[in-house]
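These figures come from a predicted structure and were not determined experimentally. Letters go in sequence order (proteins before strands), and every chain restarts at 1.
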There are 4 protein chains.
Amino acid sequence: MGIHERKQREKEQRRKQIMEAARKVFSAKGFSRATMEEIAGQAELSPGTIYLYFKNKEELHTSLSINILEYITAQMKKFINRDDIDAEAKMHLLKDTFMNVYEYDPMVLINLFHLQSGETLQNLSDEVLDELKQTSSEALSAITSVANEGISQGIFVAKHPVALADIIWATYSGVVLWVDSKRLLNNEKDFVKQTLDIAFEIMVNGFKVK
Amino acid sequence: MGIHERKQREKEQRRKQIMEAARKVFSAKGFSRATMEEIAGQAELSPGTIYLYFKNKEELHTSLSINILEYITAQMKKFINRDDIDAEAKMHLLKDTFMNVYEYDPMVLINLFHLQSGETLQNLSDEVLDELKQTSSEALSAITSVANEGISQGIFVAKHPVALADIIWATYSGVVLWVDSKRLLNNEKDFVKQTLDIAFEIMVNGFKVK
Amino acid sequence: MGIHERKQREKEQRRKQIMEAARKVFSAKGFSRATMEEIAGQAELSPGTIYLYFKNKEELHTSLSINILEYITAQMKKFINRDDIDAEAKMHLLKDTFMNVYEYDPMVLINLFHLQSGETLQNLSDEVLDELKQTSSEALSAITSVANEGISQGIFVAKHPVALADIIWATYSGVVLWVDSKRLLNNEKDFVKQTLDIAFEIMVNGFKVK
Amino acid sequence: MGIHERKQREKEQRRKQIMEAARKVFSAKGFSRATMEEIAGQAELSPGTIYLYFKNKEELHTSLSINILEYITAQMKKFINRDDIDAEAKMHLLKDTFMNVYEYDPMVLINLFHLQSGETLQNLSDEVLDELKQTSSEALSAITSVANEGISQGIFVAKHPVALADIIWATYSGVVLWVDSKRLLNNEKDFVKQTLDIAFEIMVNGFKVK
DNA sequence: AATGAATGAGTTTTCATTCAT
DNA sequence: AATGAATGAAAACTCATTCAT
């Protein structure tokens with residue numbers, strides 16, 4: 001391994017270290033109440049160093065979201081081309097993927113929402129915005145392929161193939177955010193996953209040909 | 001009308017004037033980039049005056065959200081007790097209610113989301129938090145009553161009566177937020193309502209007994 | 001009584017009402033944390049009305065202090081010319097006068113201190129400043145006369161007749177402020193008066209010819 | 001000297017720089033009319049920098065007072081254990097210590113008074129409050145030791161040993177504040193020290209066994 | 001490459017005071 | 001005379017970002 005490659009790898013390593021710290025702090029505090037100083041402290045680095053790896057707070061947060069999207073996409077790619085199960089089974093595996101992410105860190109999807117607010121999108125550089133579009137699009141097309149498979153198998157209704165993926169995604173995110181806020185308001189704890197389960201079941205049922 | 005009543009009405013009027021100005025500014029800038037000074041300017045008042053009517057920025061924003069929730073609830077109450085239509089028809093009227101709100105100001109529902117994030121809920125006074133809980137609960141119980149009606153009519157599946165209202169609300173909100181962000185990302189403008197329509201259709205279908 | 005006199009009396013009445021309210025609020029909050037609105041509320045008047053009777057917050061506070069000085073002076077005048085007791089006995093009556101004021105409202109003397117800070121004196125109108133000087137001077141000359149009497153009776157040392165009154169006053173005020181702050185710091189409650197007693201005893205002893 | 005030690009020293013240096021600037025501004029304007037911006041300007045720093053070293057305005061002011069108390073205590077410690085002079089001589093050295101502080105900056109003792117008002121004590125962090133209590137207590141115990149020495153030498157009256165230190169301190173502070181305000185009121189300048197001298201003499205005389 | 005002290009623009013918030021009614 | 005809603009200047013404080021070392 002050449003010296004250049006080692007440097008490159010170290011650089012990548014440092015990025016991950018910062019992003020992991022940022023994930024923790026954003027999870028605990030939310031975007032606006034998280035401070036760069038606290039993220040730096042968590043990463044055991046100085047504030048200035050973060051700016052060597054990320055243009056600003058906004059892009060650090062977005063990079064994090066892209067990362068999660070990439071993880072989700074990678075997980076989904078593991079099963080979307082399997083031949084031994086049908087589209088409905090794959091829909092349940094999609095659900096499990098989301099579930100895993102939620103279990104890993106319940107806030108990550110809420111943070112994805114922050115990203116989606118128009119307030120944020122405007123502050124991103126074209127470069128990062130393109131990367132975001134690309135990653136989003138990959139994640140969605142994985143879902144779309146499952147939906148289309150279901151349609152071609154005659155399991156799912158064929159009316160709105162394009163919208164299916166969006167709706168699955170949106171439903172999932174909406175439910176996560178909603179039940180999480182209810183949990184906060186009511187101090188009820190373990191019902192997020194049950195609700196997600198039910199919501200998903202209903203949604204899949206809605207897609208089905210009767 | 002006594003002098004006291006007139007004063008009271010003027011006071012109420014001034015609150016509305018501020019809230020209307022705040023709605024515009026929050027819509028255009030989002031919560032954190034909106035400034036109290038700009039809201040004051042929009043309302044043609046001085047910054048100090050706003051603090052005579054709202055304790056702080058957070059509570060002004062929350063009052064706005066409560067207002068929208070109240071409006072939604074009021075709209076729904078107009079038809080939930082009608083005898084001449086069935087639960088499925090009422091589900092479509094629910095959809096129309098959300099649609100109207102979105103058309104009035106696409107940001108208002110996104111603002112509702114801002115409110116629901118745990119980040120925000122912690123800064124509210126107990127008083128406003130109670131009002132919020134109360135209003136949320138009213139809106140949800142209106143939806144619940146439609147869901148229950150559908151179940152007792154044998155139209156909707158009876159498995160998860162409690163969760164239905166939450167899921168309807170969450171799905172709707174999630175879809176609004178999602179498509180709105182897509183609109184921003186892709187500069188596609190008019191597909192929000194179509195997507196909402198489809199999402200709703202699928203969801204209702206999912207509730208149905210097969 | 002003519003209409004003019006009645007008006008005059010009502011005006012005087014209203015001034016007293018405001019000053020009594022102000023005394024309570026200044027006592028509870030201190031000068032800078034007391035607000036005109038709270039004083040108005042306590043007086044069951046509106047903020048604007050206070051400004052019909054007092055030029056500003058500073059002068060309201062000073063008027064209060066002048067009032068207390070006048071009360072102290074009036075009390076002292078009751079005994080300084082008595083023939084049946086000597087100067088040392090009169091010194092003890094001076095102490096009782098201070099004690100009474102402290103018992104009536106422990107904060108009034110601390111508020112007198114606020115007045116004495118250079119920070120405040122500069123904001124007063126010449127008129128009020130003159131009144132303050134006049135009243136202070138009367139209070140001091142009462143004390144001075146006791147000190148001089150003691151000197152001419154051969155009881156007190158004659159070295160510094162002019163300074164005696166100042167020192168008595170200053171000692172008294174300093175001790176009040178000091179013990180009051182100690183009370184706050186240590187949560188000890190009932191030692192203020194004992195300490196005052198001792199301080200006074202020592203001071204009088206210091207004046208005495210040996 | 002290691003790099004860490006140098007940094008530490010620079011930091012300490014910066015604190016002193018800010019405190020010196022604050023002392024000047026508080027002296028000239030008093031606590032409430034002094035602004036952080038002006039202090040920053042005086043220190044040739046930006047406002048934000050001050051907040052790196054002091055939590056808020058209140059604590060900056062208190063730190064200043066603690067500093068003065070520490071200085072006073074240090075001065076007193078230089079002579080309280082000397083064997084070659086008696087307690088009365090030490091009382092005069094105590095006086096000189098106060099005198100020096102007053103000559104250095106007449107406002108510093110008045111600032112100590114600001115600190116002692118209950119109004120202020122409530123805004124301090126527990127940490128700073130503890131430091132203040134500690135430092136006050138040290139200063140007082142230095143005085144107490146002189147008083148006790150005088151009692152055991154049969155020079156001072158033994159009746160109230162505990163209160164002696166408080167009374168000495170309170171008397172001194174009261175006189176400083178009082179004469180200073182007189183100076184302001186009457187534009188008489190140089191009589192503060194004379195008055196202090198006399199006050200002290202009388203007080204010491206009051207302590208003496210006759 | 002990493003630091004972290006310093007920046008300073010930007011915001012929220014307060015409250016004595018005014019003035020139209 | 002009294003009101004009290006409105007003012008708006010002023011101030012404390014925050015924190016993303018920079019840059020000399």
Side-chain angles (χ1 to χ4, degrees), chain A residues 7 10-11 14 18 32-41 43-60 123, chain B residues 3 6-7 10-11 13-14 18 32-41 43-58 60 123, chain C residues 7 10-11 14 32-41 43-60 123, chain D residues 3 6-7 10-11 13-14 18 32-41 43-60 123:
Chain A
K7 290 243 168 177
E10 274 171 12
K11 206 165 174 176
R14 185 58 45 106
I18 294 169
S32 55
R33 297 213 299 211
T35 69
M36 293 301 264
E37 199 177 345
E38 192 175 357
I39 292 168
E44 294 181 325
L45 292 169
S46 77
T49 307
I50 296 182
Y51 286 85
L52 298 176
Y53 294 88
F54 298 91
K55 198 182 120 201
N56 55 34
K57 189 183 178 184
E58 211 78 64
E59 291 212 359
L60 169 56
N123 292 341
Chain B
I3 192 158
R6 188 162 56 79
K7 291 252 165 170
E10 274 170 13
K11 215 164 170 174
Q13 190 52 39
R14 185 56 44 105
I18 293 169
S32 56
R33 296 212 304 207
T35 70
M36 294 301 262
E37 200 176 345
E38 191 176 358
I39 292 168
E44 295 181 324
L45 291 168
S46 77
T49 305
I50 296 182
Y51 286 86
L52 296 177
Y53 293 87
F54 299 92
K55 202 181 115 203
N56 54 34
K57 189 182 176 183
E58 207 80 62
L60 170 56
N123 291 342
Chain C
K7 289 243 169 177
E10 274 169 13
K11 205 164 173 177
R14 184 60 41 105
S32 56
R33 298 213 300 213
T35 68
M36 292 302 263
E37 199 176 344
E38 192 175 357
I39 292 168
E44 295 181 325
L45 291 169
S46 77
T49 306
I50 295 181
Y51 285 85
L52 297 176
Y53 294 88
F54 298 91
K55 197 182 122 203
N56 55 34
K57 189 182 177 183
E58 211 77 65
E59 290 211 1
L60 169 56
N123 292 340
Chain D
I3 192 161
R6 189 163 53 81
K7 291 251 165 173
E10 274 170 13
K11 216 163 170 174
Q13 190 53 38
R14 185 56 43 105
I18 294 169
S32 56
R33 297 212 306 207
T35 71
M36 293 303 262
E37 200 176 345
E38 192 175 357
I39 292 168
E44 295 181 323
L45 291 169
S46 77
T49 304
I50 296 182
Y51 287 87
L52 296 176
Y53 294 86
F54 299 91
K55 200 182 116 205
N56 54 35
K57 189 181 175 185
E58 208 80 63
E59 291 210 2
L60 170 56
N123 292 340

_Nearest listed nucleotide, side chain of Met36(B), among dC13(F), dT13(E), dA2(F)_ = dT13(E)
*Value in whole Å for how far the C1' atom of dA16(E) lies from CZ of Phe54(C)*: 16 Å
*asked:* What is the separation between atom NZ on Lys57(D) and atom C1' on dT14(F), rounded to the nearest whole Å?
replied: 18 Å
*asked:* Which nucleotide wins on minimum distance to the side chain of Lys11(B), given the candidates dT13(E), dA5(F), dA6(F)?
replied: dA5(F)
_Heavy atoms only, 4.0 Å cut-off, all strands: where does Ser46(B) land among base, sugar-phosphate and nothing?_
base
*OG of Ser32(A) to NZ of Lys57(A): how many Å apart, nearest 0.5 Å?*
6.5 Å
*Should Leu52(D) and Arg14(D) count as side-chain neighbours, where that means a heavy-atom distance under 4.5 Å?*
no
_Over all atoms of both residues, closest heavy-atom pair of Tyr51(C) and Asn56(C)_ = CE2-CA, 4.0 Å
*Specify the separation, in whole Å, of atom CD of Glu10(B) and atom C1' of dG4(F).*
12 Å
*Nearest-Å distance, CG (Leu60(B)) to P (dT13(E))?*
10 Å
*In whole Å, what is the span from the OH atom of Tyr51(C) to the C1' atom of dA5(F)?*
15 Å
*asked:* If I take atom CE from residue Met36(C) and atom CD1 from residue Ile50(C), how far apart are they, to the nearest 0.5 angstrom?
replied: 5.0 Å
*asked:* What is the distance, to the nearest angstrom, from the CD atom on Glu44(D) to the P atom on dG8(E)?
replied: 13 Å
*So with a 6.0 Å cut-off around CD of Glu10(D), is the heavy-atom count from everything else above 12?*
yes
*Between Gly48(C) and Leu52(A), who's closer to the 5' end of DNA chain E by nearest nucleotide?*
Leu52(A)
*Does any nucleotide pair with dA2(E) by Watson-Crick or G-U wobble geometry, both distances under 3.5 Å, and what is it?*
dT21(F)
*Across the strands shown, which category fits Tyr53(D) at heavy-atom distances under 4.0 angstrom: base, sugar-phosphate, nothing?*
sugar-phosphate
*Across the strands shown, which category fits Thr49(D) at heavy-atom distances under 4.0 angstrom: base, sugar-phosphate, nothing?*
base
*For Lys55(A) and dT17(F), give me the distance from atom NZ to atom P, rounded to whole Å.*
9 Å
_Nucleotide of dT11(E), dC13(F), dC15(F) approaching Thr35(A) most closely (side-chain heavy atoms)_ = dC15(F)
*asked:* Please confirm whether the shortest side-chain N or O distance from Arg33(C) to OP1 or OP2 of dC15(E) is below 4.0 Å.
replied: no
_Under 3.5 Å on both distances, the Watson-Crick or G-U partner of dA9(F)_ = dT14(E)
_I need the CD-P distance between Gln13(B) and dA5(F), as an integer number of Å._
15 Å
*Which sits closer to the 5' end of DNA chain F, Glu37(A) or Ile50(C), going by the nucleotide each is nearest to?*
Ile50(C)
*Taking the nucleotide of DNA chain F with the closest heavy atom to each, which residue, Pro47(D) or Leu45(C), is nearer the 5' end?*
Leu45(C)
